[in-house]
Amino acid sequence: MGTQRLDRWLFFARIVKSRSLASKLIASGKVRINRVATDKPSQTVRAGDVLTMTLHRRLRILRIVAPGTRRGPADEAQQLYEDLTPEDTGAPPAGGLVLPTPVARRLPGEGRPTKRERRITDKLRGRDG
């Protein structure tokens, strides 16, 4: 079993759409190899390594089964890894854990004025149009 660059493996396993996106993901510090953070796309991986990554606001844990030789069909790509992401009842069907997202809340009356409120404000300022 050989080794392979991390960015190539992510591309061959169809985790990301392109090698440049894989490089950006790794450089942003969102990928760990065997619990050790890495920011180098050229980091080598081999069978048995466990990748932990945050992708699309989901936590994914993958064990590498084999290095890829090409970016083939999805069935071939899924044979390159074993998904260890824990199942959660609240998780979306795509798998993985959803990270908490702050929800922007706005009280009634705050924010941008309505058209009617803008007309009233313009009238008060003497800008009748």
Minimum heavy-atom distance between Thr38 and Lys40, given as atom pair plus value = OG1-N, 3.3 Å

Measuring from Asp49:CG to Ile64:CD1, what's the distance to the nearest 0.5 Å?
-> 5.0 Å

Can you tell me how far CG of Leu6 sits from CE of Met53, rounded to the nearest 0.5 angstrom?
-> 7.5 Å

Within-4.5 Å side-chain heavy-atom neighbours: Ser28 and Asp39 | no

Closest heavy-atom contact between Ser23 and Pro41?
-> OG-CB, 3.8 Å

Rounding to 0.5 Å, atoms CD1 (Ile15) and CH2 (Trp9) come to a distance of 5.0 Å

Under 4.5 Å between any side-chain heavy atoms of Glu76 and Arg70, yes or no?
-> yes

Trace of the side chain to side chain contact (heavy atoms under 4.5 Å, CB included) decision for Leu51 with Leu10 | CA-CA 10 Å; Leu51 301 180; Leu10 290 172; 4.2 Å; yes

Does a side-chain N-to-carboxylate-O contact under 4.0 Å join Asp83 and Arg60?
-> yes

Val65, Val45: one ILVMFWY side-chain cluster at the under-4.5 Å cut-off?
-> no

Side chain to side chain contact (heavy atoms under 4.5 Å, CB included) filter on Ser20, not counting sequence neighbours, yields Ser18

For Phe12 and Gln4, run side chain to side chain contact (heavy atoms under 4.5 Å, CB included): C-alpha distance rounded to whole Å, both residues' side-chain angles, the deciding distance at 0.1 Å, then the answer.
-> CA-CA 11 Å; Phe12 288 163; Gln4 187 171 42; 3.1 Å; yes

Distance col, row Arg127:CZ vs Arg119:CZ, nearest 0.5 angstrom, shows 15.0 Å

Shared hydrophobic cluster for Leu55 and Ile33 (ILVMFWY, side-chain gaps under 4.5 Å) | yes

Residues Pro67 and Leu80: closest non-hydrogen pair is O-CD2, 3.8 Å

Could you tell me whether the side chain of Leu62 reaches within less than 4.5 Å of the side chain of Val50, counting heavy atoms only?
-> no

Here the gap from Thr54 atom OG1 to Lys30 atom NZ, rounded to the nearest 0.5 Å, amounts to 7.0 Å

Correct closest heavy-atom pair for Thr3 and Arg46 would be CG2-NH2, 3.2 Å

Please report the shortest heavy-atom distance between Val16 and Ala22, naming the atom on each side.
-> CG2-CB, 3.5 Å

Which residue pairs pass the salt bridge (Lys or Arg N to Asp or Glu O under 4.0 Å) test with at least one member in residues 4-16, sequence neighbours excluded?
-> Arg5-Asp7, Asp7-Arg19

Residues two or more places apart in sequence or in another chain: which of them pass side chain to side chain contact (heavy atoms under 4.5 Å, CB included) with Thr114?
-> Arg116, Glu117

Thr85 OG1 to Leu59 CG distance, which is reported to the nearest 0.5 Å | 6.5 Å

